[in-house]
**Q** 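Pasting a structure here, questions to come.
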Amino acid sequence: KKVKKVIRHKVTERLYEIKVKTGRKVKVTGSHSIFVLNDGLVQTIKVKELCIGDYLVVPHRMPDQGSCENLPEGVAVSPELMRILGYFTAEGHLEPRSVRFTFGLKDQPYVDDLCRCIKHIFNVKCKISISQITRLRVTINSKKIRDWFANAFFSNYHKANTKHVPNAIFNVSRDLKLDYLKAYMAGDGYLNIKNNTITANSVSKDLMSDLSYICTQLGFTYSLFDR
């Protein structure tokens with residue numbers, strides 16, 4: 001169900017940060033109740049009573065959130081768009097009038113795929129160049145597309161530690177989520193479709209949190225770490 005009300009209040013007691021083996025973290029008060037598995041039974045305890053090694057009860061899978069909205073005019077949801085957003089999350093950054101992606105020289109297949117996707121979605125041709133001898137740089141020279149990335153897809157993004165999963169990704173189908181993850185993992189992680197497992201790391205805590213929710217929507221086992 002959608003959230004109808006939010007209640008905020010001042011905290012006067014100690015805050016605890018719970019971190020599970022997969023890397024997911026949450027801060028709560030010591031009096032907050034959580035579910036744990038104890039001798040085969042699900043029980044509730046206070047956070048301040050929690051011990052290292054306890055087993056928490058968490059959802060294995062979460063439902064999708066609904067339809068995808070607020071995309072730029074003329075841009076439709078597609079596998080190609082998902083891959084562009086995944087590549088940007090892993091390898092992209094914004095310049096004042098352009099969008100840039102930086103890959104290693106061995107990543108030519110990903111560069112070719114990205115350029116095909118950009119041509120398909122935005123009908124523009126990428127500029128490919130070699131940077132610092134060992135890197136391939138892909139540039140979209142379009143202020144309009146740059147602003148789409150800044151405002152529609154990656155709002156509040158300024159540098160690597162503020163990256164996040166675009167809101168649109170939470171609301172697309174399972175197959176489209178996988179298109180996004182495959183492109184992202186090509187740069188910053190490992191994805192095993194057969195075993196439904198993901199391993200990734202990033203300097204962005206928000207990104208790691210977002211990825212944990214995507215993995216939960218997919219029913220994937222994940223290990224996510226802050227760099």
Side-chain angles (χ1 to χ4, degrees), residues 1-69 82 86 89-90 155-156 160-182 184-185 188-227:
K1 296 181 180 180
K2 292 183 178 181
V3 176
K4 292 184 178 180
K5 294 182 180 179
V6 176
I7 299 175
R8 293 183 174 92
H9 60 87
K10 292 183 178 180
V11 177
T12 57
E13 59 180 302
R14 180 180 178 184
L15 285 176
Y16 292 77
E17 182 176 73
I18 303 172
K19 183 176 181 179
V20 297
K21 187 177 181 180
T22 58
R24 190 168 180 177
K25 296 183 288 186
V26 63
K27 284 186 178 181
V28 292
T29 59
S31 60
H32 189 87
S33 295
I34 57 172
F35 292 102
V36 297
L37 187 65
N38 187 12
D39 293 330
L41 300 175
V42 176
Q43 300 176 343
T44 59
I45 65 171
K46 302 295 184 183
V47 168
K48 60 186 177 183
E49 300 169 355
L50 190 65
C51 297
I52 294 175
D54 284 347
Y55 288 90
L56 301 185
V57 179
V58 298
H60 176 63
R61 191 161 189 170
M62 294 173 60
D64 294 333
Q65 296 181 1
S67 60
C68 186
E69 302 176 350
M82 297 299 104
T89 306
S155 58
N156 300 319
N161 63 3
T162 61
K163 276 190 175 177
H164 56 85
V165 173
N167 289 335
I169 307 300
F170 294 99
N171 303 316
V172 297
S173 69
R174 176 183 177 86
D175 287 343
L176 291 173
K177 284 185 175 73
L178 288 174
D179 281 312
Y180 171 82
L181 285 177
K182 288 175 184 177
Y184 172 75
M185 295 298 167
D188 273 352
Y190 173 74
L191 170 64
N192 188 320
I193 298 294
K194 184 177 180 181
N195 295 328
N196 287 348
T197 57
I198 283 178
T199 302
N201 62 81
S202 172
V203 297
S204 171
K205 294 181 179 180
D206 287 342
L207 177 56
M208 291 296 95
S209 177
D210 289 349
L211 287 173
S212 73
Y213 282 103
I214 294 294
C215 290
T216 304
Q217 285 183 319
L218 293 170
F220 275 36
T221 300
Y222 57 89
S223 296
L224 306 173
F225 306 100
D226 301 333
R227 283 205 293 258

**Q** Would you check, one step at a time, whether the test side chain to side chain contact (heavy atoms under 4.5 Å, CB included) holds for N196 with N192?
**A** CA-CA 6 Å; N196 287 348; N192 188 320; over 6 Å; no
**Q** Which heavy atom in C215 sits nearest to a heavy atom in I198, and how many Å separate them?
**A**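 Looking at all heavy atoms of both residues, the closest pair is SG-CD1, 3.6 Å.
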**Q** Please confirm whether the backbone N or O of L15 pairs with a side-chain atom of T29, one donor and one acceptor, at under 3.5 Å?
**A**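 Checked: no pair found.
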**Q** Measure across V3 and V6 and return the closest heavy-atom pair with its distance rounded to 0.1 Å.
**A**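 Shortest heavy-atom contact: CG1-CG2, 3.9 Å.
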**Q** I'd like to know if the side chain of H164 and the backbone of S204 have a donor-acceptor N/O pair within less than 3.5 Å.
**A**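 Flag not set: sc H164 to bb S204 has no pair under 3.5 Å.
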**Q** For N195, look at atom CG and say whether over 12 heavy atoms of other residues, nucleotides or ligands are found less than 6.0 Å away.
**A**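 Counting other residues, nucleotides and ligands, CG of N195 exceeds 12 neighbours.
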**Q** For a 4.5 angstrom cut-off between non-hydrogen side-chain atoms, does L181 reach L211?
**A**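 When only atoms from C-beta onward are counted, L211 and L181 do touch, with a gap below 4.5 Å.
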**Q** Is it true that a side-chain atom of Q217 and a backbone atom of F170 form a donor plus acceptor pair closer than 3.5 Å?
**A**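 Looks like yes, one N/O pair under 3.5 Å.
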**Q** I need the I193 CD1 to M185 CE distance, nearest 0.5 Å.
**A**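 Answer for the CD1-CE pair, I193 versus M185, is 9.5 Å.
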**Q** Taking all non-hydrogen atoms of both residues into account, name the closest pair between N201 and Y184 and its distance.
**A**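 For N201 and Y184, the tightest heavy-atom pair comes out as O-OH, 3.8 Å.
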**Q** Taking K48 for its side chain and S31 for its backbone only, find out whether a donor-acceptor pair lies under 3.5 Å.
**A**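 Side chain of K48 to backbone of S31, a donor-acceptor pair under 3.5 Å: no, none is there.
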**Q** With heavy-atom distances below 4.5 Å as the criterion, would you say the side chains of T89 and V165 are in contact?
**A**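 They are not in side-chain contact.
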**Q** Would D206 and T162 count as a side chain to side chain contact (heavy atoms under 4.5 Å, CB included) here? Give the steps.
**A** CA-CA 7 Å; D206 287 342; T162 61; over 6 Å; no
**Q** Which atom pair, heavy atoms only, marks the closest approach of L207 to S202?
**A**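 Scanning both residues, the minimum pair turns out to be CD2-OG, 3.6 Å.
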**Q** V57 and V36: side chain to side chain contact (heavy atoms under 4.5 Å, CB included), yes or no, with the steps?
**A** CA-CA 5 Å; V57 179; V36 297; 5.7 Å; no
**Q** Test I34 against L56 for side chain to side chain contact (heavy atoms under 4.5 Å, CB included), laying out the working first.
**A** CA-CA 8 Å; I34 57 172; L56 301 185; 3.6 Å; yes
**Q** Quick one: pull up CZ in F35 and CD1 in I45 and give me the separation to the nearest 0.5 Å.
**A**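 One gets 11.5 Å once the value is rounded to the nearest 0.5 Å.
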**Q** Within a strict 4.5 Å, meaning less than it, do heavy atoms of the I169 and D210 side chains meet?
**A**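 Sidechains of D210 and I169: no contact.
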**Q** Got a second to check how far Q43's CD is from S33's OG, nearest 0.5 Å?
**A**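 These two atoms lie 12.5 Å from each other.
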**Q** Nearest 0.5 angstrom please: K19 NZ to K27 NZ, how far?
**A**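 If we round to the nearest 0.5 Å, K19:NZ and K27:NZ are 12.5 Å apart.
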**Q** Between T197 and Y190, is there a side-chain donor-acceptor contact under 3.5 Å, judged purely by atom types and distance?
**A**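 Short answer, no.
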**Q** Looking at G30 and K46, what are the two nearest heavy atoms and their distance?
**A**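 Residues G30 and K46, closest heavy atoms: O-CB, 3.6 Å.
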**Q** Mind listing the closest non-hydrogen atom pair of F220 and R174 along with its distance?
**A**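 Reported closest heavy-atom pair: CE1-NH2, 3.5 Å.
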**Q** Working to the nearest 0.5 Å, report the span between CG of D54 and CG of N38.
**A**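 The CG atom of N38 is 7.5 Å from CG of D54, to the nearest 0.5 Å.
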**Q** Is there a donor-acceptor contact under 3.5 Å from the side chain of T216 to the main chain of S212?
**A**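 Between the backbone of S212 and the side chain of T216 there is a qualifying donor-acceptor contact (under 3.5 Å).
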